[in-house]
There are 2 protein chains.
Amino acid sequence: MKSPSHPRDRGIPEATVARLPLYLRALHGMAERGVATVSSEDLAVAAGVNSAKLRKDLSHLGSYGTRGVGYDVEYLVYQISRELGLTQDWAVAIVGVGNLGRALAGYGGFVSRGFRIAAVFDADPEIVGDDIAGLNVEHIDELEAVIKRRGVSIVVLATPAAAAQEVCDRVVAAGVTSILNFAPVVLTVPDGVDVRKVDLSIELQILAFHEQRKAGGPLMAVDSQ
Amino acid sequence: MKSPSHPRDRGIPEATVARLPLYLRALHGMAERGVATVSSEDLAVAAGVNSAKLRKDLSHLGSYGTRGVGYDVEYLVYQISRELGLTQDWAVAIVGVGNLGRALAGYGGFVSRGFRIAAVFDADPEIVGDDIAGLNVEHIDELEAVIKRRGVSIVVLATPAAAAQEVCDRVVAAGVTSILNFAPVVLTVPDGVDVRKVDLSIELQILAFHEQRKAGGPLMAVDSQ
DNA sequence: GTGACTTTGTGCATCGGTTCACAAAAGGAT
DNA sequence: ATCCTTTTGTGAACCGATGCACAAAGTCAC
Ligand SMILES: NC(=O)c1ccc[n+]([C@@H]2O[C@H](COP(=O)([O-])OP(=O)(O)OC[C@H]3O[C@@H](n4cnc5c(N)ncnc54)[C@H](O)[C@@H]3O)[C@@H](O)[C@H]2O)c1
Ligand SMILES: NC(=O)c1ccc[n+]([C@@H]2O[C@H](COP(=O)([O-])OP(=O)(O)OC[C@H]3O[C@@H](n4cnc5c(N)ncnc54)[C@H](O)[C@@H]3O)[C@@H](O)[C@H]2O)c1
């Protein structure tokens, strides 16, 4: 007990951060089923990871387990939520209300975790003014004004690839520093802005690579070229 | 020059495989713009990676560059495509034709890279029989039969979370070994089956974590608890 | 209280991936 | 033919992440 409450270690490994939502999801399921405490082993299985990894991940947040017992489900949910910033709610805007944008806007899984769709934008005058999942589609010209007025801090890009960089530049200029990009382009942003990308096509190509290995590996092998 | 043509190294690092589609996309753009050759530096910028990393990645496929010149764009496109298995075409099925499934089915970015939507399934009798992006929605009861008949080798899961594991078990039983999962659940599959997941909610939570740090880091810092 | 048992938290070895930095290779100029 | 420039391909150091394995810390039964 030298440095008492000093797990306040600023600097959680990125790999750990990426897994916390997984643990959180598993814990929510358990809480719903009335489970009060859970061992690292059980939680690890539920989250699909190694139990040593899970313990090390949790140890970065602090010492929240009880040896011989495990972790208190509710308490751990709270601690992880707090660490991820889910105890506050986040205003999210979606730009581009096409096939994908529409699906995203109507998705309930957003709201369930402190994310609130605060605005949706499109450039097409046919679409602007429409009601999508209870939200009025704003014109892209209003981007900066609406972002500021509604305190949007995370933007989801679902425009065609050709428009993505331009829209990105504008939301960054409007002060947004967190972007989730669905368009298949590499976005260029200043330091301090986080971009995460979701690219379906890349995922399929990775699957195809492994599928090809599985199919061809044992058999063909010797294709000269 | 001991082992002459021995870049035929089975065993490309996973991190490299995940970047090849990125290079491929950048190269396609260059080919369209009529660029004949490209240096690792330029291609790296276009793909948003470090040039040393790019060269090491490409070196895993073979020695396809020319020192002092760079890489032949067309030739590199071919080599990467071949490595990823994109020279053959892949029959993909989508299960769950809701908000998301519909957007995916209508997405052109699929087809452009050797992926062909061969079937879409749903359990809802209201939806079965509908025409979605030129495809007849099949009943989930037909899953195994249609998968085999049409040679589906990659399945995209876009059902609600509660149905995902069950559907997964069935497609695996039908012989599919590559799955792209959009449902927010950890799927359990036998060895030899690849599952990749896309989870929007996790991405947002990671962004929220960093956003919180950016906002709170400089200022608050000393919140006792 | 004592001892048997359970489970956490972490030191340590290991691994895969990244990046630097440079020799080797190719092309072009003279 | 020689030199100079460019750019690849890779050895080697470095860095973060993983997973084993175990001591420390706690619980529970008696
Ligand atoms: N649909 C999918 O399943 C899917 C999958 C993966 C990636 N994507 C990518 O997501 C993006 C959107 O896909 P989609 O299928 O919804 O396309 P879409 O064409 O249906 O929708 C794009 C929308 O963006 C709007 N838009 C265009 N320029 C704009 C601008 N400057 N500002 C604001 N809005 C603008 C258009 O009016 C349209 O409504 C694309 O980049 C696509 O490559 C889509
Ligand atoms: N919509 C989004 O933007 C979004 C984003 C991220 C993740 N997701 C996830 O993707 C999945 C689909 O989302 P959605 O918004 O399209 O949901 P949805 O409810 O609109 O669609 C689900 C579809 O699956 C069908 N279905 C249900 N059980 C089935 C079964 N056993 N076999 C075949 N089909 C079945 C339903 O009939 C429905 O048509 C969900 O797991 C959701 O959590 C959605």
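By convention in this document, chain letters (A, B, ...) are assigned in the order of the sequence lines, proteins followed by strands, and residues within each chain are numbered from 1. No hydrogens, no waters, no symmetry mates; every other heavy atom, side chains included, goes into these values.
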Distances under 3.5 Å between nitrogen or oxygen atoms of protein and nucleotides 15-17 of chain C:
residue: C:dG17; atom: OP1; partner: B:Ala15; partner atom: N; Å: 3.4

Aromatic centroids of A:Tyr71 and A:Tyr64 separated by under 6.0 Å:
no
All N/O contacts under 3.5 Å from nucleotides 5-7 of chain D to the protein, with atom names and distances to one decimal?
residue: D:dT7; atom: O4'; partner: B:Gly68; partner atom: N; Å: 3.0

Nearest-nucleotide wise, let me know which of B:Lys56 and B:Val38 is further upstream toward the 5' end of DNA chain D.
B:Val38
Would you say the side chains of B:Thr87 and B:Arg82 form a donor-acceptor pair under 3.5 Å?
no
Separation of atom OH in B:Tyr64 from atom P in C:dA26, rounded to whole Å
16 Å
Indicate whether any N or O donor in one side chain lies under 3.5 Å from an N or O acceptor in the other, for B:Asp57 and B:Tyr23.
yes
Is it the case that B:Ser178 and A:Glu211 place a side-chain donor and acceptor less than 3.5 Å from each other?
yes
Checking A:Val45 now: which residues fulfil side chain to side chain contact (heavy atoms under 4.5 Å, CB included) with it, not counting sequence neighbours?
A:Glu41
Does a side-chain N or O from B:Asn50 land closer than 4.0 Å to OP1 or OP2 of C:dC20, or not?
yes
So for atom CD, which belongs to B:Glu74, do other residues, nucleotides or ligands contribute more than 12 heavy atoms lying within a distance under 6.0 Å?
no
Rounded to the nearest Å, what distance is computed from the CG atom of residue A:Leu58 to the P atom of nucleotide D:dA17?
16 Å
